Amino acid sequence: ATDVQLKLAKLPEGTSEIKTPELQKLINAKSPLFLVDSRPAIRYDQSHLPEAHSIPVPLLEKKQAEVLPKDKDMPIVFYCGGST
């Protein structure tokens, strides 16, 4: 390769991005949220944030809403191993 460029995924409409400090504040405040580690299970098994649910992207694509909370008012925070 002679040129490498960072390509970030587009967020779906109605969602927003938060940065690590904001997530830390939510966790410290024990704010109700559903935390999703979307990395492969082997990475989740190595380490993950407390209370995070392991839902790798292929599982989310296959099961969709089945693996998400029934409470539609619960904020959902996804994290992965990427640069965002």
Side-chain angles (χ1 to χ4, degrees):
T2 58
D3 184 29
V4 177
Q5 296 179 0
L6 181 63
K7 183 175 180 182
L8 300 176
K10 286 191 174 194
L11 294 175
E13 189 175 325
T15 63
S16 60
E17 178 182 348
I18 64 172
K19 299 293 184 184
T20 304
E22 188 175 349
L23 177 58
Q24 184 67 55
K25 286 179 187 176
L26 292 171
I27 290 171
N28 289 347
K30 301 197 183 302
S31 298
L33 61 90
F34 189 82
L35 189 58
V36 177
D37 185 327
S38 60
R39 301 173 303 156
I42 193 166
R43 298 290 308 277
Y44 175 87
D45 292 341
Q46 291 173 343
S47 69
H48 57 271
L49 295 175
E51 308 299 321
H53 300 265
S54 177
I55 307 176
V57 172
L59 178 64
L60 181 61
E61 288 173 341
K62 181 179 179 182
K63 302 254 181 173
Q64 298 184 6
E66 288 180 49
V67 295
L68 298 176
K70 303 295 182 227
D71 179 357
K72 299 304 177 198
D73 292 325
M74 167 102 34
I76 301 173
V77 177
F78 288 85
Y79 72 91
C80 64
S83 60
T84 58

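None of these values were measured; they are calculated from a predicted model.
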**Q.** Qualifying residues under ring-ring contact (aromatic ring centres under 6.0 Å, His included), relative to Tyr79, sequence neighbours excluded
**A.**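 Listed in chain order: nothing, the list is empty.
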
Q | Leu35 and Leu23, any side-chain heavy atoms less than 4.5 Å apart | A |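 Leu23 vs Leu35: side chains touch.
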
Measuring from atom [atom1] of [X] to atom [atom2] of [Y], what distance do you get when rounded to the nearest 0.5 angstrom?
X	Y	atom1	atom2	result
Ser31	Glu22	OG	CD	10.0 Å
Asp45	Arg43	CG	CZ	11.5 Å
His48	His53	NE2	NE2	10.0 Å

Q: Locate the shortest heavy-atom distance separating Pro56 from Ala41; write the atom from each residue and the value.
A: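 Result for this residue pair: CG-N, 4.0 Å.
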
Q) Which heavy atom of Tyr44 sits nearest a heavy atom of Ala52, and at what distance? A)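 Heavy atoms only, the tightest pair is OH-O, 2.8 Å.
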
Q: Check which hydrophobic residues are tied to Ile76 through side-chain heavy-atom contacts below 4.5 Å, counting indirect links as well, and list them.
A: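 When side chains under 4.5 Å apart are linked, the cluster holding Ile76 also contains Phe34, Val36, Ile55, Leu59, Leu60, Val67, Leu68, Met74, Phe78.
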
Q.
Can you tell me if Lys72 has over 12 outside heavy atoms packed within less than 6.0 Å of its NZ?
A.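 More than 12 heavy atoms, drawn from other residues, nucleotides or ligands, come within 6.0 Å of this atom.
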
**Q.** More than 12 heavy atoms of other groups within 6.0 Å of Glu51 CD
**A.**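 Counting neighbours around CD of Glu51, 12 or fewer heavy atoms of other residues, nucleotides or ligands fall under 6.0 Å, so no.
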
